[in-house]
K.L.:
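Right, I'll just put the structure down here and ask away after.
Numbers restart at 1 for each chain; the letters A, B, ... are given by sequence-line order, proteins then strands.
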There are 2 protein chains.
Amino acid sequence: MADSLQQENIQPDDEEHGLNRNRILDAGAAYIENYGLRQLTMRKLGAELGVEAMALYRYVPSRDDLMDGIVERVINDLFQDPEVPGDAANGWQDYLIRLAHGLRRLALTHPQVFPLIATRPPEAPWIRPPLRSLRWTDSFLAALTSSGFSDKPAVAAYRGFSSFLLGHLLLEVASHGADIGPEESADPSKPRSATDLTAFPHIHRMQAQLSEDRSAEEFEESLEVLIERIGLLAES
Amino acid sequence: MADSLQQENIQPDDEEHGLNRNRILDAGAAYIENYGLRQLTMRKLGAELGVEAMALYRYVPSRDDLMDGIVERVINDLFQDPEVPGDAANGWQDYLIRLAHGLRRLALTHPQVFPLIATRPPEAPWIRPPLRSLRWTDSFLAALTSSGFSDKPAVAAYRGFSSFLLGHLLLEVASHGADIGPEESADPSKPRSATDLTAFPHIHRMQAQLSEDRSAEEFEESLEVLIERIGLLAES
DNA sequence: CGCCTTTAGTTTACAGTGTAAACCGCCCGG
DNA sequence: CCGGGCGGTTTACACTGTAAACTAAAGGCG
């Protein structure tokens with residue numbers, strides 16, 4: 001019974017009110033972002049879409065595939081990002097920088113989904129999170145080789161690049177209050193208990209610096225260093 | 001006689017046939033390593049220990065705490081590692097190198113547990129996986145400052161170090177067949193389906209290089225570069 | 001010794017999970 | 001008109017985490 005009062009849809013992606021794989025995937029991503037990964041349940045997601053849990057199974061073979069679909073879909077958003085070029089027309093440095101920033105943007109937009117991107121088992125051993133799709137991997141390698149890299153250094157660059165991104169972004173996202181954990185977001189009953197740091201004098205002393213968020217600058221600097229290092233790889 | 005002797009053992013670590021928090025934690029880590037994270041269930045773990053599921057709750061408040069306990073316990077194995085020094089007596093470079101190798105050893109010994117180490121929500125925002133304990137963080141900062149680093153560069157080094165380790169080790173462990181996924185380990189019914197790579201010519205061409213496992217060398221090289229970079233940070 | 005409290009583990013119970021299988025109403029092409 | 005399939009629901013089941021009640025053995029202490 002569809003009463004005229006429609007609950008506000010967070011992401012009116014596709015127009016039809018019927019179900020649809022992409023609608024499910026998007027709703028799943030949104031749900032994770034709002035309530036955390038642990039809360040994502042077939043029944044709850046169904047309810048979110050105004051449908052019974054089993055209805056989802058017509059479009060998604062299992063919960064695990066649902067999650068894989070979600071990460072795939074989120075990753076493919078990168079192709080929509082106008083700041084991320086499809087090839088290295090402006091040089092490989094430009095390509096890498098823009099790709100890295102695109103991924104960082106993506107991670108910060110989906111802080112709860114990102115750990116999923118990072119740790120879901122890859123379908124092939126050579127696609128490395130967070131790049132995570134044959135399409136992107138190929139695009140990356142194409143960009144480098146088209147810029148004069150030969151195969152071996154291109155692969156080396158691919159490895160260094162993904163490793164750097166994974167480490168940095170996972171940590172940035174985790175520090176940004178991305179409780180992978182279960183529940184509470186707005187429960188002020190936990191005053192964080194201010195753990196007793198007397199046993200850890202260095203942490204205690206540097207607490208200010210440790211709490212400071214320098215992720216953005218660190219990202220830029222490390223990325224710069226990485227690119228420089230990749231540049232050295234070019235001739236070999 | 002045997003019953004009259006009292007076990008005033010200060011360290012009742014294990015050995016007794018009775019239950020015990022550390023026994024549970026170790027069994028949990030072993031179980032994850034053997035059957036995968038998804039299979040770790042209170043009942044199954046109980047069965048493994050010859051006990052009913054609910055018995056575990058006397059030593060562990062919940063499944064989530066069980067997992068936190070497991071990662072904590074695994075991480076603390078590092079303190080037992082004779083190759084990893086407790087301080088920077090032989091210089092901070094030596095300390096960092098040995099610590100990094102210790103962590104890599106740990107990751108490779110517990111490939112299934114490591115993703116857990118990497119992604120469990122940290123108890124404080126400044127402890128960064130995979131170092132992951134106040135004790136280790138403080139030890140790290142102590143080592144650096146005792147070697148003449150002042151606070152800011154020490155923290156910067158801490159960040160770069162953890163970020164590098166997390167990225168590299170997570171990827172190395174993932175590529176090493178660490179299916180975070182659910183089930184099968186010895187099911188040969190999946191012939192890997194040899195995905196059609198004609199649409200991805202670069203991947204297809206570089207497949208050999210991509211499949212090559214150069215983790216160890218990359219680890220050494222990147223670590224070296226990182227340390228060099230940290231050295232530059234020292235004066236500031 | 002008898003009794004009582006504590007400890008260590010079990011039993012029972014329940015709400016919630018993923019998903020297989022059967023079911024049902026509706027639209028549509030013949 | 002009719003039958004078939006498409007899209008969704010109902011029912012069912014094995015399994016999960018965990019609260020609560022229970023039981024049996026082990027000290028402690030008069």
K.L.:
Extract, from 5' to 3' on DNA chain D, the first and final nucleotides lying under 4.0 angstrom from some heavy atom of chain B.
P.N.:
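Taking any atom under 4.0 Å from a heavy atom of chain B, the span is D:dT16 to D:dA20.
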K.L.:
Check the distance between C:dT17's C1' and B:Arg38's CZ and give it to me in whole angstrom.
P.N.:
11 Å
K.L.:
Among pairs that include at least one residue of residues 43-56 of chain B, which meet side-chain hydrogen bond (donor to acceptor under 3.5 Å, both in side chains), considering only residues two or more places apart or in two chains?
P.N.:
B:Gln39-B:Lys44
K.L.:
Got a sec, which residues hit side chain to side chain donor-acceptor pair (under 3.5 Å) with A:Asp65, two or more places apart in sequence or on another chain?
P.N.:
A:Ser62
K.L.:
Rounded to whole Å, how long is the line connecting atom CG of A:Asp65 with atom P of C:dG18?
P.N.:
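It works out to 14 Å between those atoms.
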K.L.:
In residues 47-59 of chain B, what residues come within less than 4.0 Å of DNA chain D, judged by heavy atoms?
P.N.:
B:Met54, B:Tyr57
K.L.:
Using whole Å, what does the distance between atom P of nucleotide C:dA8 and atom CZ of B:Arg21 come to?
P.N.:
15 Å
K.L.:
Rounded to the Å, how far apart are A:Leu45 CG and C:dG16 C1'?
P.N.:
16 Å
K.L.:
Could I get the full list of side chain to side chain donor-acceptor pair (under 3.5 Å) partners for A:Arg132, not counting sequence neighbours?
P.N.:
none
K.L.:
List the residues meeting side chain to side chain donor-acceptor pair (under 3.5 Å) with A:Ser139, not counting sequence neighbours, and say none if there are none.
P.N.:
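Partners of A:Ser139 by the side chain to side chain donor-acceptor pair (under 3.5 Å) criterion, ordered by chain and then number, come out as A:Tyr95.
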K.L.:
Taking only the side-chain nitrogens and oxygens of A:Ser62, find out if one of them lies under 4.0 Å from OP1 or OP2 of C:dG18.
P.N.:
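For C:dG18, OP1/OP2 do not have a side-chain N/O of A:Ser62 under 4.0 Å.
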K.L.:
Check step by step if side-chain contact (heavy atoms from CB on, under 4.5 Å) holds for B:Val84 and B:Phe79.
P.N.:
CA-CA 7 Å; B:Val84 177; B:Phe79 280 108; over 6 Å; no
K.L.:
Once salt bridge (Lys or Arg N to Asp or Glu O under 4.0 Å) is applied, what residue pairs with a partner in residues 101-115 of chain A remain, sequence neighbours excluded?
P.N.:
A:Asp81-A:Arg105, A:Arg104-A:Glu172
K.L.:
List in chain and number order the residues that pass side chain to side chain donor-acceptor pair (under 3.5 Å) with B:Thr109, two or more places apart in sequence or in another chain; answer none if no residue qualifies.
P.N.:
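Not a single residue meets the side chain to side chain donor-acceptor pair (under 3.5 Å) criterion with B:Thr109.
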K.L.:
Under the rule for ring pair (Phe, Tyr, Trp, His ring centres under 6.0 Å), what residues qualify as partners of B:His101, not counting sequence neighbours?
P.N.:
B:Phe219
K.L.:
In whole Å, I'd like the distance from the CG atom of A:Leu40 to the C1' atom of C:dG16.
P.N.:
14 Å
